[in-house]
Amino acid sequence: MATPTRTHHCSELRAEHVDQTATLAGWVNSYRDHGGVIFIDLRDRKGITQIVFRPSQPETHALADRLRNEDVIQVKGTCIKRQEGMANPKLETGDIEIEAQTLVILNKSDTPPFTPDEAHKVGEETRLQYRFIDLRQKRMQKILKTRHRVTKIMRDYFDEHEFYEIETPFLCKSTPEGARDFLVPSRLQEGCFYALPQSPQLFKQILMVGGLERYMQIARCFRDEDPRADRQAEFTQLDVEMSFINQDDIIELIEGLLRRLWKDVLDITVPEIARISYAEAMTRFGSDRPDMRFGMELVDIGDLASQTDFKVFTGAIENGGSVQAICVPGGAKLSRKQTDALAVWVKDFGAGGLPIVKVDNGSLATGVAKFLGPIADQLIEKMGAQDGDLICFGVDSKIKTVHRVLGELRVKLAHDLDMIDPNDWKWIWVIDFPLVEWNEDAKRWDSLHHPFTAPHEEDVEKIASDPGAAKSLAYDIIVNGSEIGGGSIRIHQQEVQKQVFGLLGISPEEARSKFGFLLDALRFGAPPHGGIALGLDRLVMHLENTTNIRDVIAFPKTQNGADLMTQAPSPVSDDQLAELSLRPAVKIEA
RNA sequence: GGGAGUGUAGCUCAACUGGUUAGAGCACUGGACUGUCGAUCCAGAGGUUGCGGGUUCGAAUCCCGUCACUCUCGCCA
């Protein structure tokens, strides 16, 4: 077999190469056999070039007659200019073609289940099963190229800022907090298990105590939880940690990175990114990851609600709850059927229902309008509502539910009513998160970020006196309503860490057994430090304008955690199990 | 764990209210054709209607169960 070399890529040849000899190699993208002359569109990573086979080269022509889609071939021939009217403006290389002298079939392909050109209309299940074909389509190649550029830019950027890229272990100690761990049985220590890292959190802090000062890693993380459109069990983070810095340093550093990424990939300039507090984000947008591309901010109308006889409103307020509203511009055009569907939809977020009114001729109509007569004018004014608008109410005895319902609703309505400019980008930092949040079910305080997040210095006393009011030095970076990263300044003093563990109900014994190494590290000269992690998959999703995380991962998993190509996970042999001292509760034959 | 949706030829889809032999386009096979580029023309082959059960004279269609895939609530410090 000939060596599959080539002199040019399939995107390169132009009129200026006419009369030159060229050797190309690639896949048969399509073939057109005219009995005499045969045309092949030859494809490689970079483009497509048309090859012509003429009967005047009988041996080569006979070989070419057998070519089918996705055969891998090597062609040597002469670059010739296409005659007048025969150029193909759809191809970069459409002014020329290669007149083949020799053809080598490097590898004949079985009939493919689909071709790269039609992959975009093939079901995802089939694409994932034959991922090696799917990856040949232009879109997938572009996405993976972008992903490569993003990680390259990250490494260059942090290198310029004197960060070291340091690997951390995959085989880690299991900590039951947070997400469910993926467990790996130990062969050498019977009955014991490693866990795959949910993130390199503790290791990167240890690196700071270890004096490395600036660390970054493109880190694979594992969380054994149910997936969503934008998240799967195995994902990648840009992980960063720095010593002797404050929150502003991290924010400025990451803004610089985002600026370079968007400029380089999309030629879009990232402006100085505004910061809002968690409290403000919740009050105005009902969410800690507000989408700032549209309005419809939440308005507290508790004062007006209590002036009505509408029991839904007054009842909620009497129970210590809240009545809030959003004004949906042009929302009055929604049909009864559509608003009824919204009322069902909001129940997923804990709402009892969705009271609405439409604004018509300067007054309220339909829905709950008949209950709101006394406050109609004030409501319209307070909401800034116009004729043709829809006002949706969030009502509950818990303000948290009201925020959630209206926060989710405003995003859904903005999409449904096409209120978002697809070319708009809105970045925002959310800062000053509460340190902890009361978990009503478990009757305890939970970390909002994680247990190593530092409180504001002036709030340290509140850990004991008023934990819910203590704010943390945590920050999330949001783009278009999507959280693409978050981090915090860490606790670097053993005393404070002990207090936080105490607040979280982690006993000293428990803390010692789970995080003893961290507590030790904090005793021996831990510098002040902090960091952040950005979701690489989500970042690439934004840059490539997809809502499907599987699009930006070469070999993704399905919702069931399966790899449809390799058929993982799979049963294993009894021998393998015995070696690991494992006995499954459910046995599936290997 | 819950809710919703999808599953028919290799691929994308159709098949009325349960009713003849489950169709079409692309792909595939054979043939024709010397300028196509979504080639064209002629002919052909290709089906466990995801799987299992049930109702019925009769099931792709209705019912129950199950599996896979998607979206989603819970979950994801």
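A, B, ... follow the sequence lines: proteins, then strands. Residue 1 opens every chain.
A/R550 contributes no side-chain N or O that forms a donor-acceptor pair with the base of B/C69 under 3.5 Å. On a pure distance criterion of 3.5 Å, no polar donor-acceptor pair joins the side chain of A/R127 and the base of B/C69. Side-chain N/O atoms of A/Q50 and base N/O atoms of B/U36 include a donor-acceptor pair closer than 3.5 Å. For a distance-only test at 3.5 Å, the side chain of A/R223 fails to qualify as a donor-acceptor partner of the base of B/C76.
Separating the C1' atom of B/C41 from that of B/U56 is a span of 47 Å, rounded to the nearest Å. Taking atom P on both B/U20 and B/U61, the two are 14 Å apart, rounded to the nearest angstrom. Straight-line distance between the P atoms of B/U49 and B/U34: roughly 44 Å, to the nearest whole Å. Using P as the reference atom, B/A9 and B/A60 are 14 Å apart when rounded to the nearest Å. Comparing the P positions of B/A77 and B/C73 gives a spacing of 15 Å, expressed to the nearest Å. For the P atoms, the distance linking B/U21 with B/A14 amounts to 23 Å, nearest Å. To the nearest whole angstrom, the two C1' atoms, one in B/G23 and one in B/G65, are 31 Å apart. B/C63 and B/C16 have their P atoms separated by 16 Å, with the value rounded to a whole Å.
The residue A/G85 sits apart from the nucleic acid: no heavy atom pair falls under 4.0 Å. Nucleic acid contact class of A/L564 (heavy atoms, under 4.0 Å, all strands): sugar-phosphate only. Among the atoms of the strands shown, none is found under 4.0 Å from any heavy atom of A/A474. Base engagement by A/D33 is indicated by at least one non-hydrogen atom pair under 4.0 Å involving a base atom. Residue A/F53 is classed as having no contact, given no heavy-atom separation below 4.0 Å to the nucleic acid. The residue A/N88 sits close to a base: some heavy atom pair falls under 4.0 Å. Within the 4.0 angstrom heavy-atom criterion, no nucleotide atom of any strand lies near A/A233. Across all strands, A/E97 comes closer than 4.0 Å to base atoms (heavy-atom distances).
Taking only side-chain nitrogens and oxygens, A/R32 comes nearer than 4.0 Å to OP1 or OP2 of B/A39. Taking 4.0 angstrom as the limit, A/R231 places none of its side-chain polar atoms (N or O) nearer than this to OP1 or OP2 of B/C71. Close to B/G10, at under 4.0 Å from its OP1 or OP2, lies no side-chain N or O of A/T111. Residue A/N560 has a polar side-chain atom (N or O) positioned under 4.0 Å from OP1 or OP2 of B/C69.
Put simply, A/F114 does not rest on the base of B/C11: the two rings are not both less than 5.5 Å apart at their centres and under 30° in tilt.
Summarising the base pairing, B/G18 is matched to no nucleotide, lacking a Watson-Crick or G-U wobble pair whose two defining distances lie under 3.5 Å. Pairing of B/G23, defined by two Watson-Crick or G-U wobble distances under 3.5 Å, is identified with B/C13. Nucleotide B/A43 is matched to B/U29 when pairs are restricted to Watson-Crick or G-U wobble geometry with both distances under 3.5 angstrom. Look at B/U34: it lacks any Watson-Crick or wobble partner with both distances under 3.5 angstrom. Partner assigned to B/U6 is B/A68, using Watson-Crick or G-U wobble distances below 3.5 angstrom. Pairing for B/C76 is absent, judged as Watson-Crick or G-U wobble with the two contacts each under 3.5 Å.
In this structure, of B/C73, B/U12, B/A77, it is B/C73 that holds the atom nearest to the side chain of A/R404. Proximity note for A/T558 (side chain, C-beta onward) versus B/C69, B/C37, B/G30: the nearest is B/C69. Comparing B/G30, B/G38, B/U36 against the side chain of A/K90 picks out B/G38 as the nearest. Among the nucleotides B/U29, B/C33, B/C26, the one closest to any side-chain atom of A/E118 is B/C26. Residue A/P113 places its side chain closer to B/G10 than to any other of B/C71, B/G10, B/G38. Proximity note for A/S199 (side chain, C-beta onward) versus B/C33, B/C37, B/A77: the nearest is B/A77.
If you find the closest nucleotide of RNA chain B to A/T126 and to A/P55, the one lying nearer the 5' end belongs to A/T126. Of the two residues contacting RNA chain B, namely A/E124 and A/F349, the nearest-nucleotide position lying further toward the 5' end is that of A/E124.
For an aromatic pair to be called close, the ring centres must be under 6.0 Å apart, and A/F203 with A/Y215 fails this. Separation of the A/F285 and A/H403 ring centroids does not fall under the 6.0 Å cut-off. Here A/Y194 and A/F170 keep their ring centres 6.0 angstrom or further from each other.
Within 6.0 Å of CZ on A/R136 lie more than 12 heavy atoms contributed by other residues, nucleotides or ligands.
The heavy-atom pair separating A/R180 from A/E225 by the smallest distance is N-OE2, 2.8 Å. Considering all non-hydrogen atoms of both residues, A/S287 and A/P290 come closest at O-CD, 3.8 Å. Residue A/M140 comes nearest to A/D134 through the heavy atom pair CG-O, 3.6 Å, listed as atom of the first residue, atom of the second, then distance. For the residue pair A/Q205 and A/Q201, the shortest heavy atom distance occurs at OE1-NE2, 2.9 Å. Across all their heavy atoms, A/I463 and A/P455 have their closest contact at CD1-CG, 4.0 Å.
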Find every protein N or O atom lying less than 3.5 Å from an N or O atom of nucleotides 1-8 of chain B, and list the pairs.
unit_1 : atom_1 : unit_2 : atom_2 : d
B/G1   : O6     : A/D226 : OD2    : 3.3

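Residues of residues 442-453 of chain A having a heavy atom closer than 4.0 Å to RNA chain B, listed by number: A/S447, A/L448, A/H449, A/H450, A/P451.
B/C69 atom P lies 14 Å from atom CG of A/N548, rounded to whole Å. Computed from coordinates, the A/N69 CG to B/C26 C1' distance equals 11 Å when rounded to whole Å. Taking atom NE2 of residue A/H34 and atom C1' of nucleotide B/G38, one finds them 12 Å apart after rounding to whole Å. Look at NZ on A/K121: it is 7 Å from C1' on B/C26, rounded to the nearest Å. Rounded to an integer number of Å, the gap from CD of A/E99 to C1' of B/U36 is 15 Å. Taking atom OH of A/Y31 as the reference point, atom P of B/G38 lies 15 Å away to the nearest angstrom.
A/C221 is linked by a side chain to side chain contact (heavy atoms under 4.5 Å, CB included) to A/S199, A/P200, A/F235, A/Q237, counting only residues two or more places apart in sequence or in another chain.
Judged by distance alone, with hydrogens and angles left aside, the side-chain atoms of A/S488 form no donor-acceptor pair with the main-chain N or O of A/R490 at under 3.5 Å. At least one donor-acceptor pair under 3.5 Å links the side chain of A/R82 to the backbone N or O of A/I96. Side-chain atoms of A/E118 come within 3.5 Å of backbone atoms of A/T115 as a donor-acceptor pair (strictly under, hydrogens ignored).
A salt bridge is defined here as a Lys NZ or Arg NE, NH1 or NH2 lying under 4.0 Å from an Asp or Glu carboxylate O, and A/D459 with A/K462 meets this definition.
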